[in-house]
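Each chain gets a letter, A, B and so on, in the order the sequences are listed, and its residues count up from 1. Bear in mind that the values here come from a model prediction, so they are computed numbers and not experimental data. The figures that follow rest on heavy atoms only: side chains count, while hydrogens, waters and symmetry mates do not.
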Number of protein chains: 2
Amino acid sequence: MDNELLLLGLLRLESMHGYQLNEFLDKRLGFLTDLKHSTAYYLLNKLEEKGFITKDVEREGNRPERYVYELTPAGRDRFHDLLAANLREAHMPDYNTDIGLLFIDAVPAEDLREALEEKRAGLAEMLETIRVYVDEHPAGSPARYALRHNIAHFEVELSWLDEILEELNSQHIIRGDIFSCIQTNEETA
Amino acid sequence: MDNELLLLGLLRLESMHGYQLNEFLDKRLGFLTDLKHSTAYYLLNKLEEKGFITKDVEREGNRPERYVYELTPAGRDRFHDLLAANLREAHMPDYNTDIGLLFIDAVPAEDLREALEEKRAGLAEMLETIRVYVDEHPAGSPARYALRHNIAHFEVELSWLDEILEELNSQHIIRGDIFSCIQTNEETA
DNA sequence: CGATTCATGTAACGGGTTACATGATTCG
DNA sequence: CGAATCATGTAACCCGTTACATGAATCG
C-alpha cells in the first residue's frame, strides 16, 4: 500500500513514464524507499487497470517507446485515502530485530561483543550517509522531516547498542533465558 | 529468517509440539512477534524437511495426536548461524511510515493535525501495554532487554510526533513538496 | 448440548524480490 | 566495437497472511 501511495504521490505533481519514476526513486528518494524497478512497473500496470492512472504512449527521437502515466480523478481520491490512512495509523516499530536479542544467553560474551560492534559500525555508517543529505534539503521541507525522523531512530538504535555493550564490558551478566518471559494477557482479537 | 531463528531458539531449550509452540508465542512472546499459527506449522514442516528438527508422534490420553519437534545437531548449527547473522547485521529502521510524511503538503493543516493526533493516541496506547510488562520481567533478562528496546523506539516516535504537532500549532508552514528532494548519489550495488 | 480447547493443516492469495529477456541507441 | 543507457517487462520464487477444513474432547 505504501508503495502505491508513493507512486500516486509522485504522479500527482507530474506525469511521468516508468523509467523516469524509477530514476527519481533511486536517485532522489533512495533514503526512504527501496522500491525495485520491476515492482514499480508492475504497480503501474495494476494502478492503470484499476483506473487510478492513464497510460499515454510517447516517443522521443529514436529512443524506445515509453508510457507516460497521468493521475485520474479516481487516482487523486485514492491518493488522499491512502495518505490519510498512512498518517492516521499507528504501526509497531519493527521488532524482528529483537528476536536475536532473546537468545543472547546462547552466545559467548566475546562473540556477542564482536557481533554487536559490527552491527553498531554498520548503523553508524548508514547514519552518516543520511546526515550528509539532511542539510542539503531546504529547512521545513517534507524530505527533511522524513530524514530527521530516520536519524532519530538511528540514534536510539545506537545509544541502545552502546548501553548493552557497556554492560557487557562491565562484566554484567545476562540472567535467564527466553523461558523467563512472563505470561502477557494479550487480548486475542 | 527471523521466524526460523525464533522457532529453533525455542526448541533449543525444550522439545515442543506445534500447538504448544504457538501457545507460547501468543501468550508469552506476543510483545515481540506476530507469528501466525499456520505459518508456524508450515515452518516446522520445512525445518524438518531440511533436517534441522525431528518429528516424534505423541498422544496424551484421548487427545488428538501431536508432533513433538526436537532440535538436531544440524539444527543447532543453523540456530547459531542465524543468531550470529541477526546480531551482526545492521538493518534500516523501517521507513515506510515516512512515505506519508513526504506528502503532508497535500493535506489541510486541520486534517493533518487530527490524523497525527490519532496516530499519537494509538502509539501511546501500545506503549502503555508494553510498559506494564517490562517491570514484570526479571531485571537483566533477555525479554526485558527486548522490551526496553521497543519502548525506546516508541518514545522517539511519540516525541517526534509531538514536535511536528507543535510546529503545526504554531502556524509553522511546510514549505516545498517532494520535488524539493535533492539528488543523493546513492552508490548502486 | 453447544461452545471452547486441543491439534494440525491446506488453498488461495498478496506483496515483493531476483534473475532473466529484449532491443534499440548513444557514449567512449 | 563494446559498454552503458534507455525502456519495459515476464517467470519463478519467497515469505507470509486469511480463510477455511477437520475432528475429537472437555467444559459449563
Side-chain angles (χ1 to χ4, degrees), chain A residues 1-8 15-27 30 32-50 53 55-69 82 85-86 91-92 94-96 99 186-189, chain B residues 1-8 15-27 30 32-50 53 55-69 82 85-86 91-92 94-96 99 186-189:
Chain A
M1 281 309 81
D2 291 315
N3 288 335
E4 219 175 297
L5 171 60
L6 183 56
L7 293 179
L8 292 173
S15 297
M16 290 179 156
H17 56 92
Y19 192 84
Q20 191 181 357
L21 265 165
N22 276 321
E23 274 233 303
F24 192 90
L25 291 169
D26 285 350
K27 296 200 179 152
L32 78 23
T33 183
D34 255 344
L35 193 66
K36 299 297 188 283
H37 289 198
S38 47
T39 309
Y41 284 119
Y42 170 73
L43 285 175
L44 287 170
N45 286 327
K46 236 185 50 178
L47 288 169
E48 196 211 346
E49 272 174 35
K50 291 200 209 147
I53 55 179
K55 184 202 273 191
D56 246 6
V57 185
E58 193 192 82
R59 153 166 272 156
E60 197 170 278
N62 264 331
R63 296 278 174 73
E65 273 188 340
R66 55 206 198 184
Y67 305 119
V68 179
Y69 293 99
L82 289 177
N86 175 293
H91 97 333
M92 271 269 179
D94 160 44
Y95 38 40
N96 270 0
I99 289 177
E186 200 72 21
E187 309 288 308
T188 34
Chain B
M1 281 310 79
D2 289 317
N3 288 335
E4 218 176 299
L5 171 59
L6 183 55
L7 293 179
L8 293 173
S15 297
M16 289 177 155
H17 57 92
Y19 192 84
Q20 191 182 356
L21 265 165
N22 276 321
E23 274 233 303
F24 192 91
L25 292 168
D26 285 350
K27 297 202 178 150
L32 79 20
T33 182
D34 255 344
L35 193 65
K36 298 298 186 283
H37 289 196
S38 47
T39 309
Y41 284 120
Y42 170 73
L43 285 175
L44 287 170
N45 286 326
K46 237 186 48 179
L47 288 169
E48 197 211 344
E49 272 174 35
K50 291 200 209 148
I53 55 180
K55 184 201 275 190
D56 246 5
V57 185
E58 194 192 81
R59 155 166 271 156
E60 196 171 279
N62 264 332
R63 296 277 175 71
E65 275 190 340
R66 56 204 197 186
Y67 305 119
V68 179
Y69 294 99
L82 289 177
N86 175 294
H91 97 331
M92 271 269 179
D94 159 44
Y95 36 43
N96 270 1
I99 289 178
E186 199 74 20
E187 309 287 308
T188 35

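Atom pair Tyr41(B):OH and dA7(C):P shows a separation of 8 Å (rounding to whole Å applied). Between the C1' atom of dC6(C) and the NE2 atom of His37(B) lies a distance of 12 Å, rounded to the nearest Å. Taking atom CZ of residue Arg59(B) and atom P of nucleotide dA7(C), one finds them 11 Å apart after rounding to whole Å.
With contacts defined as side-chain heavy-atom distances shorter than 4.5 Å, the pair Tyr67(A)/Asp56(A) does not qualify.
Rounding to the nearest 0.5 angstrom, the gap separating the CG atom in Leu25(A) from the CD atom in Gln20(A) is 11.0 Å. Atoms CG and NE2, on Asn86(B) and His91(B) in that order, are 8.5 Å from each other to the nearest 0.5 Å. In this structure, CD on Glu4(A) lies 11.5 Å from CG on Leu35(A), to the nearest 0.5 angstrom.
Nearer the 5' end of DNA chain C, as judged by each residue's closest nucleotide, is the contact made by Pro64(B), out of Tyr69(B) and Pro64(B).
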Ignoring hydrogens and angles, write down the donor-acceptor pairs under 3.5 Å from the side chains of residues 36-45 of chain B, residues two or more places apart or on other chains.
from, atom 1, to, atom 2, distance (Å)
Lys36(B), NZ, Asp34(B), O, 3.1
His37(B), NE2, Asp26(B), OD2, 2.8
Asn45(B), ND2, Tyr41(B), O, 3.4

_B/S/- contact track for nucleotides 12-18 of chain C, protein heavy atom under 4.0 Å_ = ---SSBB
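A search for salt bridge (charged side-chain N to carboxylate O under 4.0 Å, His left out) contacts involving Glu23(A) returns Lys27(A), not counting sequence neighbours. Every residue was checked against the salt bridge (charged side-chain N to carboxylate O under 4.0 Å, His left out) condition with Glu65(A), not counting sequence neighbours, and none meets it. Checked against side chain to side chain contact (heavy atoms under 4.5 Å, CB included), Asn96(A) has the following partners two or more places apart in sequence or in another chain: Asp94(A), Ile99(A), Asp2(B).
Between chain B and DNA chain D, the heavy-atom contact criterion of under 4.0 Å yields a 5' to 3' nucleotide range of dC15(D) to dT26(D).
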